A.B. asks: 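I have a structure I would like to understand better, so I am pasting it below and will then ask my questions one at a time.
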Amino acid sequence: MHNAADIIEAIAPLRDGWLGKRSKAPPPSVSSDVAVALEGISFADEPEVEIDIDDGTVIVRWFKGDESFSLTFVGNGNVTGCHLGATPEPAWKLPVAEAQALIKETSFIR
């Protein structure tokens with residue numbers, strides 16, 4: 001998965017029960033938020049994509065050495081970003097449209 005379209009293609013077909021009776025699929029609003037936040041961004045490294053089976057939240061995570069950068073999409077029009085590494089940085093939460101510029105600047109995806 002090297003861009004938003006690849007992530008959406010992977011998560012959009014999922015339906016509730018996709019991984020057992022109680023598993024929840026990401027709602028369509030999650031795909032919309034991923035599309036807005038990551039539109040036009042090509043990833044240098046393939047991210048890991050996790051889906052929380054309890055609520056359909058999607059987490060997109062990149063790793064470089066001992067550091068990681070993650071984006072969490074719950075489908076409410078916001079994205080939460082978190083960089084874990086040697087230099088502590090606070091997590092942030094922004095509307096998906098405003099977050100794109102900040103996401104583009106991270107060295108984890110370009």
Side-chain angles (χ1 to χ4, degrees):
M1 288 181 242
H2 288 281
N3 56 45
D6 292 342
I7 294 170
I8 294 165
E9 185 177 310
I11 65 175
L14 299 176
R15 300 291 175 253
D16 287 351
W18 68 277
L19 193 64
K21 287 183 181 182
R22 296 184 185 174
S23 62
K24 298 291 184 189
S29 57
V30 168
S31 293
S32 296
D33 288 352
V34 168
V36 171
L38 301 179
E39 179 182 9
I41 301 173
S42 294
F43 314 140
D45 296 310
E46 187 169 344
E48 182 179 284
V49 178
E50 300 174 29
I51 300 166
D52 185 322
I53 62 170
D54 293 326
D55 63 7
T57 295
V58 171
I59 302 166
V60 182
R61 184 175 290 119
W62 291 264
F63 294 94
K64 281 192 180 177
D66 293 337
E67 299 184 52
S68 70
F69 177 70
S70 63
L71 298 171
T72 302
F73 298 91
V74 297
N76 64 358
N78 294 309
V79 58
T80 301
C82 183
H83 173 222
L84 298 175
T87 306
E89 294 180 33
W92 49 264
K93 181 177 182 180
L94 292 170
V96 291
E98 293 177 26
Q100 190 186 54
L102 185 59
I103 293 166
K104 283 182 178 180
E105 292 302 315
T106 181
S107 63
F108 278 86
I109 61 174
R110 52 184 171 89

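Source: prediction; values computed, not measured. One is the number of the first residue; the rest follow in order along the sequence.
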A.B. asks: According to a hydrophobic-cluster definition based on side-chain heavy atoms being under 4.5 Å apart (Ile, Leu, Val, Met, Phe, Trp, Tyr only), do V49 and L19 belong together?
C.D. replies: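 Yes; L19 is reachable from V49 via cluster members.
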A.B. asks: Mind listing the closest non-hydrogen atom pair of D16 and A25 along with its distance?
C.D. replies: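 It is OD1-N, 2.9 Å.
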A.B. asks: How many angstroms lie between atom CG of D54 and atom CZ of R22, to the nearest 0.5 angstrom?
C.D. replies: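 Reported value, rounded in 0.5 Å steps: 10.0 Å.
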A.B. asks: Under the side-chain contact (heavy atoms from CB on, under 4.5 Å) rule, collect the residues that match up with P95, sequence neighbours excluded.
C.D. replies: N78, E98
A.B. asks: Linking I/L/V/M/F/W/Y whenever any side-chain heavy atoms sit under 4.5 Å apart, do F69 and L102 land together?
C.D. replies: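 Yes.
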A.B. asks: To the nearest 0.5 Å, what is the distance between CD1 on I51 and OG on S23?
C.D. replies: 9.5 Å
A.B. asks: State which residues pass side-chain contact (heavy atoms from CB on, under 4.5 Å) with A5; sequence neighbours excluded, sorted by chain then number.
C.D. replies: N3
A.B. asks: Is there a path of hydrophobic side-chain contacts, each under 4.5 Å between heavy atoms, that joins L14 and V60?
C.D. replies: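 Same cluster: L14 reaches V60 through Ile, Leu, Val, Met, Phe, Trp or Tyr contacts under 4.5 Å.
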A.B. asks: With sequence neighbours left out, which residue pairs that include part of residues 87-97 fulfil the side chain to side chain donor-acceptor pair (under 3.5 Å) condition?
C.D. replies: H83-E89
A.B. asks: Set out, in order, the CA-CA distance, both residues' side-chain angles and the distance that settles side chain to side chain contact (heavy atoms under 4.5 Å, CB included) for F43 and I7, then state yes or no.
C.D. replies: CA-CA 11 Å; F43 314 140; I7 294 170; 3.9 Å; yes
A.B. asks: If you draw a 6.0 Å radius around CD in E9, do more than 12 non-hydrogen atoms from other residues or ligands fall strictly inside?
C.D. replies: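 At most 12 heavy atoms, drawn from other residues, nucleotides or ligands, come within 6.0 Å of this atom.
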A.B. asks: Going by the ring-ring contact (aromatic ring centres under 6.0 Å, His included) test, which pairs reach into residues 4-32, not counting sequence neighbours?
C.D. replies: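 As it turns out, there is no ring-ring contact (aromatic ring centres under 6.0 Å, His included) pair with a partner in residues 4-32 once direct neighbours are skipped.
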A.B. asks: Taking all non-hydrogen atoms of both residues into account, name the closest pair between L71 and G81 and its distance.
C.D. replies: CD2-CA, 4.0 Å
A.B. asks: Name every donor-acceptor pair, under 3.5 Å, that has one atom in a side chain of residues 27-41 and the other anywhere in the protein, sequence neighbours excluded.
C.D. replies:
from	atom 1	to	atom 2	distance (Å)
S29	OG	G75	O	3.0
S32	OG	P28	O	3.4
D33	OD2	N76	N	3.4
D33	OD2	G77	N	2.9

A.B. asks: Could you give the distance from CZ (R15) to NZ (K24), rounded to the nearest 0.5 Å?
C.D. replies: 13.5 Å
A.B. asks: Sequence neighbours excluded, which residues qualify as salt bridge (charged side-chain N to carboxylate O under 4.0 Å, His left out) partners of E48?
C.D. replies: R61
A.B. asks: Is there a path of hydrophobic side-chain contacts, each under 4.5 Å between heavy atoms of I/L/V/M/F/W/Y residues, joining V96 to I103?
C.D. replies: yes
A.B. asks: Run the side-chain hydrogen bond (donor to acceptor under 3.5 Å, both in side chains) test against D52 and tell me which residues pass, sequence neighbours left out.
C.D. replies: none
